[in-house]
Number of protein chains: 2
Amino acid sequence: MTRHSREDIIEAAGRLFAERGYDGTSMRDLGKELGLLGSSIYSHISGKQELLVAVVDQGAELFQASVERAMQAEGSSRDRLTTFVAGHVDVVLDHGEVSRTFLNEARSLEPKYRKPILAARDRYEAGLRTILSDGSGDGSFRADLNPTVAGIFVLSVLNAIDRWYRSDGALDRAALVAALSAFISDGIS
Amino acid sequence: MTRHSREDIIEAAGRLFAERGYDGTSMRDLGKELGLLGSSIYSHISGKQELLVAVVDQGAELFQASVERAMQAEGSSRDRLTTFVAGHVDVVLDHGEVSRTFLNEARSLEPKYRKPILAARDRYEAGLRTILSDGSGDGSFRADLNPTVAGIFVLSVLNAIDRWYRSDGALDRAALVAALSAFISDGIS
DNA sequence: CCTACCGATCGGTAGG
DNA sequence: CCTACCGATCGGTAGG
């Protein structure tokens with residue numbers, strides 16, 4: 001007779017956290033979203049923080065799997081960068097609520113849960129830095145590239161996608177990846 | 001005998017809103033920051049929302065003044081873009097709490113206050129688009145540049161600065177502007 | 001700017 | 001999963 005699974009609840013939580021923020025989402029809001037009382041949620045989970053941890057962990061896993069695929073991709077460093085960009089776009093477009101919560105709500109994690117998430121972000125960035133650094137060495141990119149700073153800039157552009165991109169707009173997914181890759185590679189010149 | 005001015009209170013509010021978010025900041029938190037009771041703040045302002053409006057309005061004005069200076073700058077479109085980037089950096093570094101609140105907490109504005117803020121952002125973006133479009137026409141930038149998409153990418157990089165830049169790090173302000181300008185102009189190639 | 005509150009809402013629990 | 005709560009905290013007010 002259980003009407004909702006743990007997964008249902010985590011998914012709905014991700015939706016509300018992405019829209020209203022963790023602090024802006026009450027357990028009663030979440031209950032309403034699911035069609036039950038806020039207090040009833042506690043038969044499935046032990047606390048609100050657990051929901052945030054679950055959503056953010058999903059985000060960490062998605063991005064981690066994506067960067068690993070990019071680093072193992074065939075071809076040049078430039079190809080691996082393209083794979084990285086396309087993989088990031090896939091995560092953001094296919095798991096928008098999870099990735100928004102991952103990117104914007106980590107500050108609401110209690111310290112013990114926040115630390116491994118920051119570490120996961122560092123690994124993601126480190127993968128990108130490796131691609132950039134390799135490409136700088138083998139002539140794919142500028143020889144004087146600073147991989148740390150360039151990595152930050154690339155992620156700045158990628159992490160902002162959910163703030164403006166709408167799938168019903170002028171750019172489809174392939175055009176988005178192409179526009180991103182062009183800007184990252186050549187800027188506006 | 002008034003110990004705090006309205007400006008003091010708005011400044012402290014901006015600090016806490018930037019750090020903890022609007023929903024994560026209580027009037028009692030703000031009182032503690034100022035050395036008085038939460039209820040005492042109401043002798044200076046009429047509500048919490050008014051504080052957010054005041055902070056966000058400051059942000060809108062700062063960015064608006066900056067884009068106007070950039071558009072009136074002497075020289076080529078490329079010079080105006082450099083001025084735009086440097087001006088944005090100045091706002092973010094000199095008014096970090098205000099700009100973070102402006103960028104991240106606008107969703108907590110009640111609809112009637114949110115609308116003019118979104119309009120202010122649109123004007124800021126429109127100024128940038130004009131610079132990009134002019135530069136695409138006069139040969140400063142690529143002829144096939146899409147000013148809308150390029151503008152979004154440029155602002156993505158600029159709006160992320162406060163998420164990573166620390167003034168005690170390896171880059172000083174001039175080096176930051178130079179790195180941003182190089183990435184925006186030429187990407188990583 | 002404080003004292004002394006108000007009703008509403010918060011995350012969460014006991015018991016069924 | 002609901003009923004019926006709990007103590008804590010929220011934004012805010014009356015009166016001084």
Side-chain angles (χ1 to χ4, degrees), chain A residues 1-57 97 101 104-114, chain B residues 1-57 97 101 104-114:
Chain A
M1 279 314 133
T2 300
R3 264 165 288 188
H4 293 94
S5 67
R6 209 185 122 89
E7 284 70 39
D8 289 339
I9 293 168
I10 291 168
E11 198 210 316
R15 213 154 49 228
L16 295 190
F17 293 162
E19 271 172 32
R20 312 176 193 178
Y22 181 76
D23 287 332
T25 302
S26 74
M27 295 303 277
R28 286 157 179 89
D29 291 337
L30 180 55
K32 207 170 289 172
E33 181 84 5
L34 290 160
L36 43 74
L37 295 177
S39 58
S40 301
I41 300 169
Y42 288 89
S43 41
H44 296 95
I45 53 112
S46 70
K48 186 184 176 186
Q49 178 77 195
E50 181 186 337
L51 291 173
L52 180 59
V53 170
V55 175
V56 164
D57 276 351
E97 283 95 6
T101 301
N104 300 322
E105 300 303 322
R107 75 169 168 199
S108 293
L109 287 168
E110 292 163 14
K112 62 178 164 181
Y113 298 119
R114 188 164 52 231
Chain B
M1 279 308 134
T2 300
R3 263 164 291 189
H4 293 94
S5 66
R6 208 186 122 90
E7 284 69 40
D8 290 339
I9 293 168
I10 291 168
E11 197 210 316
R15 212 154 51 227
L16 295 190
F17 293 163
E19 270 172 32
R20 313 176 192 177
Y22 182 75
D23 287 333
T25 301
S26 73
M27 295 303 277
R28 284 158 180 87
D29 290 338
L30 181 54
K32 206 169 292 170
E33 181 84 4
L34 290 161
L36 43 75
L37 295 176
S39 58
S40 300
I41 300 169
Y42 289 89
S43 40
H44 295 95
I45 53 110
S46 71
K48 186 184 177 186
Q49 179 78 198
E50 181 187 338
L51 291 173
L52 180 59
V53 170
V55 175
V56 164
D57 276 350
E97 283 96 5
T101 301
N104 301 321
E105 300 303 323
R107 76 169 167 199
S108 293
L109 286 168
E110 291 163 15
K112 62 178 163 179
Y113 299 119
R114 187 161 54 233

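The shown structure was predicted, so the numbers you read here are calculated from the model rather than taken from an experiment. Proteins come first, then strands; the chains are lettered A, B, ... in the order of their sequence lines, and each starts at number 1.
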Rounded to whole Å, CG of A:Leu34 lies from P of D:dC2 at a distance of 11 Å
Discussion item. For a quick test of reading the model: is some side-chain N or O of A:Tyr42 closer than 4.0 Å to OP1 or OP2 of C:dG12?
Written reply: yes
**Q.** Heavy-atom side-chain proximity of A:His44 to A:Glu50 below 4.5 angstrom
**A.** no
The side chain to side chain contact (heavy atoms under 4.5 Å, CB included) partner of B:Phe17 among B:Asp23, B:Leu30, B:Asn104, B:Thr101 is B:Thr101
What's A:Leu37 touching, base or sugar-phosphate or nothing? Going by heavy atoms closer than 4.0 Å. base
Parsed dot-bracket for DNA chain C after applying the Watson-Crick and G-U rules with both distances under 3.5 Å and | for other-strand partners is ||||||||||||||||
*Side-chain heavy-atom pair A:Glu97, A:Leu16 within 4.5 angstrom cut-off*: no
Under a 4.0 Å heavy-atom criterion, the protein footprint on nucleotides 5-10 of chain D, written with B, S and -, is -----B
Is it the case that the side chain of B:Tyr22 and the backbone of B:Gln49 share a donor-acceptor pair, with hydrogens and angles ignored and the cut-off at 3.5 Å?
yes
Exercise for the section: Mind running side-chain contact (heavy atoms from CB on, under 4.5 Å) on A:Asp29 and A:Arg20 for me, showing each step along the way? Expected result: CA-CA 10 Å; A:Asp29 291 337; A:Arg20 312 176 193 178; 3.4 Å; yes
note: B:Ile45, atom CD1; D:dG12, atom P; distance rounded to Å ~ 7 Å
Atom CD1 of A:Ile41 and atom C1' of D:dC2 are separated, to the nearest Å, by 13 Å
Taken to the nearest whole Å, CZ/A:Arg6 to C1'/D:dC1 is 18 Å
*Would you say A:Ser40 reaches D:dC2's phosphate, i.e. side-chain N/O to OP1/OP2 under 4.0 Å?*
yes
Exercise. Output, in order, the C-alpha distance, side-chain angles, deciding distance and verdict of side-chain contact (heavy atoms from CB on, under 4.5 Å) for A:Leu52 and A:Tyr113.
Key: CA-CA 10 Å; A:Leu52 180 59; A:Tyr113 298 119; over 6 Å; no
Kindly determine whether B:Ile45 and B:Met27 satisfy side-chain contact (heavy atoms from CB on, under 4.5 Å), including the steps that lead there. CA-CA 11 Å; B:Ile45 53 110; B:Met27 295 303 277; 4.0 Å; yes
Winner on side-chain proximity to A:His44, out of C:dC2, D:dG11, D:dC1, is D:dC1
Flag side-chain contact, heavy atom, 4.5 Å: B:Arg15 against B:Glu11: yes
Closest non-hydrogen contact found for B:Arg107 with A:Glu19 is NH1-O, 3.9 Å
In whole angstroms, the gap separating P of D:dG11 from CG of B:Leu30 amounts to 10 Å
For this session: Could you tell me whether B:Gly47 contacts a base, only the sugar-phosphate backbone, or nothing, with contacts defined as non-hydrogen atoms closer than 4.0 Å?
Result: sugar-phosphate
Between CG of B:Asp23 and C1' of C:dG11 the distance, given in whole Å, is 15 Å
